[in-house]
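This report concerns only the one structure given below.
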2 protein chains.
Amino acid sequence: MKAYHLPDLMSDLPPRVSVLRLGHRRERDKRLTSHLGLTARALGANEIILAGDHDESALETWNSVTERFGGDFDCRHESSPLSFLRQFSKDAGDGKPGIIIHLTMYGENWRKMVSEIRRDRPIVIVVGGTKVPREVFNLADYNISIGNQPHSEVSALGIFLQSMIGEVAENHFSGGEIRIVPSEFGKRVLNLEDE
Amino acid sequence: MKAYHLPDLMSDLPPRVSVLRLGHRRERDKRLTSHLGLTARALGANEIILAGDHDESALETWNSVTERFGGDFDCRHESSPLSFLRQFSKDAGDGKPGIIIHLTMYGENWRKMVSEIRRDRPIVIVVGGTKVPREVFNLADYNISIGNQPHSEVSALGIFLQSMIGEVAENHFSGGEIRIVPSEFGKRVLNLEDE
């Protein structure tokens, strides 16, 4: 059954999913931003774009995890996130509009929205820092909340990606040096380089 | 329909869900631990127990959010987390064993496990710091992974709680001073104190 089911699920995957992290502050946000990028990668996004402070160490962490654990995952710094979003809303690189999803505790309930979200075009998921400019709310095709209680951009992104593409994306980490084997009792790690 | 459906869902809620955060380091983990506790609260846990460094500021953050946004959420420091777990595995406070769930990237796949997990007894969800003692794997009734790629204890906890109890727990934040109203376009905040 799985073999027949998977191709259908695959066609549900958007062409490309990027996460845009606004307002990164090198000292204060170091580990949260690092976890945010790893969450993006583990739950099936193709890329994280870092805005705010330029922080080489964040990019290094993400690249190093991809090298060790496989898959394709891009990361880069963006010094003009608003210009980038304005452009993306008109042209995702092929002359046609991309889809912008803004995760915010002020947004519409994700359970209500997740099945309605278009996924036929490249997607940018915007994840705020402290103060998100009003223009981001306006540029977004969807302002989405994971509950309307304060929690974390990391859990919000994880839950949203999981519900949108997680199941399909989960097993697509080819290559890499090591692989964790799921186990009820403990640590089973395959070192692929030894084989 | 909703009115009929909700009581059934409610009976699916475990008697009590606590999150035990191991190995907190006051400086390095400050904001991650803060986000972890807020995630526990927002996604329906009843309590977070902080082990590692005693950190009053984390407890203050959680209490302050509960005061402003409502609901019941407890937090405390635990100086002997392993003793606590040993005891809980035998006696959850009423002379009968509690259920221990350990979230770890080495664990069994959560999609496979989540429907099998017992929820008829109080639950402690253990979330690691860097080095989790072997004994935690052994004490746990379930070692569970949210994918076997490295990401974040914050997103792992969020996804797990969401899948286990999130839907039922989401609307149980009574009281508090402010409430966010879900909105497609932006910020709608009710100040309950004005009313």
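Residue numbers start from 1 in every chain, and the chains themselves are labelled A, B, ... in the order their sequence lines are given, proteins ahead of strands.
Note that OG1 of A/Thr39 is 9.0 Å distant from CD of B/Glu153, once rounded to the nearest 0.5 Å. Taken from CD1 in B/Ile159 to CD1 in A/Ile146, the straight-line distance is 10.0 Å, to the nearest 0.5 Å. To the nearest 0.5 Å, atom OG1 of residue A/Thr104 and atom NZ of residue B/Lys187 are 7.0 Å apart. Taking CD from B/Glu108 and OG from A/Ser183, the interatomic distance works out to 7.0 Å, rounded to the nearest 0.5 Å.
By the 4.5 Å heavy-atom criterion applied to side chains, B/Gln162 and A/Arg111 are counted as neighbours. A 4.5 Å side-chain heavy-atom check between B/Phe69 and A/Asn148 finds every atom pair outside the cut-off. Between B/Asn143 and A/Glu184 the shortest side-chain heavy-atom distance does not fall below 4.5 Å. Residues B/Gln149 and A/Phe173 have side chains in contact (heavy-atom distance under 4.5 Å, counting atoms from C-beta outward).
Contacts from residues 17-33 of chain A to chain B, taken as heavy-atom pairs separated by less than 4.5 Å, involve A/Arg25, A/Arg28, A/Asp29, A/Arg31, A/Leu32 in sequence order. Chain A is approached within less than 4.5 Å, heavy atom to heavy atom, by B/Val65 from residues 52-67 of chain B, ordered by number.
In terms of non-hydrogen atom pairs under 4.5 Å with chain B, the most contact-rich of A/Ser163, A/Gly37, A/Ser155 is A/Ser155. Annotation: maximal heavy-atom pairing with chain B below 4.5 Å, among A/Ile180, A/Leu38, A/Leu36, A/Val189, occurs at A/Ile180. Top candidate by heavy-atom pairs under 4.5 Å with chain B, chosen from A/Met105, A/Arg188, A/Arg179, is A/Met105. Interface remark: of the candidates B/Gly158, B/Ala156, B/Ser152, B/Ser152 forms the most heavy-atom pairs closer than 4.5 Å to chain A.
Residue pairs satisfying the salt bridge (charged side-chain N to carboxylate O under 4.0 Å, His left out) criterion with at least one member in residues 124-149 of chain B, sequence neighbours excluded, are listed as follows: B/Arg86-B/Glu135. Within the structure, the ring-ring contact (aromatic ring centres under 6.0 Å, His included) test picks out the following pairs touching residues 128-150 of chain A (sequence neighbours left out): A/His102-A/Phe137.
Residue contact with chain B, scored on non-hydrogen atoms closer than 4.5 Å, involves the backbone of A/Val181 exclusively. Proximity to chain B (any heavy atom under 4.5 Å) is restricted, for A/Arg41, to the side chain, taken from C-beta onward.
The minimum heavy-atom distance linking B/Pro150 with A/Ala42 is given by the pair O-CB, 4.0 Å.
In this structure, A/Asp72 places its CG atom where only 12 or fewer heavy-atom neighbours from other residues, nucleotides or ligands lie under 6.0 Å away.
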Verdict with supporting geometry, A/Asn138 and B/Phe185, side chain to side chain contact (heavy atoms under 4.5 Å, CB included): CA-CA 7 Å; A/Asn138 299 341; B/Phe185 306 106; over 6 Å; no
